[in-house]
Amino acid sequence: MGIRAIKNVGAFVLAQALCFGAAGIGSAFTASSVGTWYREIAKPDWTPPSWVFGPVWTVLYALMGVAAFLVWRTGRWSETRGALLTFLAQLALNTAWSIIFFGARNPGFAFLEILLLWIAIVATMVLFWRRSKIASLLLAPYLAWSSFAAFLNFTIWQMN
């Protein structure tokens, strides 16, 4: 295996580790509330069953990692820095949403935060598009799910 292949494997593993590390942090805050507070608050009838969230987020985080890796491969750090730093910012906002919604149990503030997350995802997709159209498109399911999550978050906030 050549140096380039080793770098690619390392970058792929790092991208996945960052995404699933963020997922782990978010899950730690989610787990403390999902069986108690979240189960007890009012939710709309169209709320997905709890078992749906884990598999959906697993796929979305994996796609995010692949997307980041594809952008990383398109050039030097000086060329990809803006796109990848925007990606990291949206990943931090993603994690923060779980902390605010489930950890702080604050759907109102979480809704404002998810709006920022949505903007950051769109910005990431635009920047990724310039480097790799496939990378940008890999984030489309994440944007769709986050849009749904924002609507669900808003509805829960209004109901409670």
Side-chain angles (χ1 to χ4, degrees), residues 10-41 43-44 47-73 77 80-129 131-132 135-160:
F12 181 81
V13 169
L14 177 61
Q16 291 296 320
L18 286 169
C19 291
F20 283 100
I25 294 167
S27 292
F29 285 89
T30 301
S32 66
S33 291
V34 80
T36 56
W37 172 79
Y38 184 73
R39 185 182 46 175
E40 296 167 1
I41 63 173
K43 293 179 285 303
T47 302
S50 294
W51 65 266
V52 168
F53 293 94
V56 167
W57 278 110
T58 299
V59 170
L60 295 176
Y61 281 115
L63 291 174
M64 283 188 259
V66 172
F69 167 71
L70 291 174
V71 169
W72 175 84
R73 286 183 37 166
W77 173 247
T80 61
R81 176 178 47 226
L84 292 173
L85 289 176
T86 303
F87 173 83
L88 290 174
Q90 71 74 29
L91 194 59
L93 287 166
N94 177 304
T95 302
W97 182 86
S98 295
I99 294 168
I100 296 165
F101 187 90
F102 288 105
R105 300 176 180 184
N106 190 334
F109 186 54
F111 177 68
L112 296 175
E113 196 279 347
I114 205 170
L115 295 177
L116 293 175
L117 171 59
W118 193 91
I119 292 166
I121 295 168
V122 170
T124 301
M125 290 177 72
V126 168
L127 293 170
F128 275 21
W129 185 265
R131 307 295 312 169
S132 166
S136 180
L137 292 173
L138 287 172
L139 297 180
Y142 174 40
L143 180 65
W145 183 259
S146 296
S147 299
F148 171 75
F151 185 57
L152 178 60
N153 183 155
F154 177 79
T155 305
I156 289 171
W157 174 37
Q158 296 305 298
M159 292 176 75
N160 292 279

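We use all heavy atoms of the structure for the numbers below, so side chains are in, but hydrogens, waters and symmetry mates are not. Note that the structure is a prediction, hence the values are computed from the model and not measured. Residues: numbered from 1 along the sequence shown.
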How close do [X] and [Y] get, counting heavy atoms only, and between which atoms?
X: Ser146; Y: Ile121; value: OG-CD1, 3.5 Å
X: Asn153; Y: Pro107; value: ND2-O, 2.9 Å
X: Ala135; Y: Leu70; value: CB-CB, 4.0 Å
X: Met125; Y: Ser136; value: O-OG, 2.9 Å
X: Leu93; Y: Glu113; value: O-OE2, 2.6 Å
X: Pro141; Y: Leu138; value: CD-O, 3.4 Å

What class does the angle between the rings of Trp97 and Phe101 fall in, given that below 30° is parallel, 30 to 60° is tilted and above 60° is perpendicular?
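It falls in the parallel class, under 30°.
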Would you please classify the geometry between the Phe111 ring and the Phe154 ring as parallel, tilted or perpendicular, with 30° and 60° separating the classes?
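Taking Phe111 first and then Phe154, their aromatic rings sit tilted (interplane angle of 30° to 60°).
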Tell me whether Trp118 at atom CH2 has more than 12 heavy atoms from other residues, nucleotides or ligands lying less than 6.0 Å away.
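No, not enclosed.
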Please check if atom CZ in Phe151 has more than 12 non-hydrogen atoms from other residues, nucleotides or ligands closer than 6.0 Å.
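It does not: Phe151 CZ has 12 such atoms or fewer within range.
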Donor-acceptor contacts under 3.5 Å from residues 47-67 side chains, at least two apart:
residue : atom : partner : partner atom : Å
Thr47   : OG1  : Pro44   : O            : 2.8
Thr58   : OG1  : Gly54   : O            : 2.8
Tyr61   : OH   : Asn94   : OD1          : 2.6

Return the [atom1] to [atom2] distance between [X] and [Y], rounded to the nearest 0.5 Å.
X: Phe69; Y: Leu14; atom1: CZ; atom2: CG; value: 11.0 Å
X: Thr86; Y: Arg81; atom1: OG1; atom2: CZ; value: 11.5 Å
X: Trp129; Y: Leu139; atom1: CH2; atom2: CG; value: 11.5 Å
X: Leu84; Y: Leu91; atom1: CG; atom2: CG; value: 11.5 Å
X: Ile119; Y: Ile114; atom1: CD1; atom2: CD1; value: 12.0 Å
X: Ile25; Y: Thr30; atom1: CD1; atom2: OG1; value: 11.5 Å

Quick one: are [X] and [Y] in side-chain contact, heavy atoms under 4.5 Å?
X: Ser132; Y: Trp72; answer: no
X: Val34; Y: Arg39; answer: no
X: Arg105; Y: Asn160; answer: no
X: Tyr38; Y: Ile156; answer: yes

Check step by step if side-chain hydrogen bond (donor to acceptor under 3.5 Å, both in side chains) holds for Arg131 and Thr80.
CA-CA 8 Å; Arg131 307 295 312 169; Thr80 61; over 6 Å; no
What verdict does the side chain to side chain contact (heavy atoms under 4.5 Å, CB included) test give for Leu137 and Phe128, after you've listed the backbone C-alpha separation in whole Å, the side-chain angles of each residue and the deciding distance to 0.1 Å?
CA-CA 9 Å; Leu137 292 173; Phe128 275 21; over 6 Å; no
Ring pair (Phe, Tyr, Trp, His ring centres under 6.0 Å) partners for Phe29, two or more places apart
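Testing Phe29 for ring pair (Phe, Tyr, Trp, His ring centres under 6.0 Å), a comparison that skips the adjacent residues, returns none.
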Does the pair Trp37 and Phe102 meet the rule for a side chain to side chain contact (heavy atoms under 4.5 Å, CB included), with working shown?
CA-CA 8 Å; Trp37 172 79; Phe102 288 105; 4.2 Å; yes
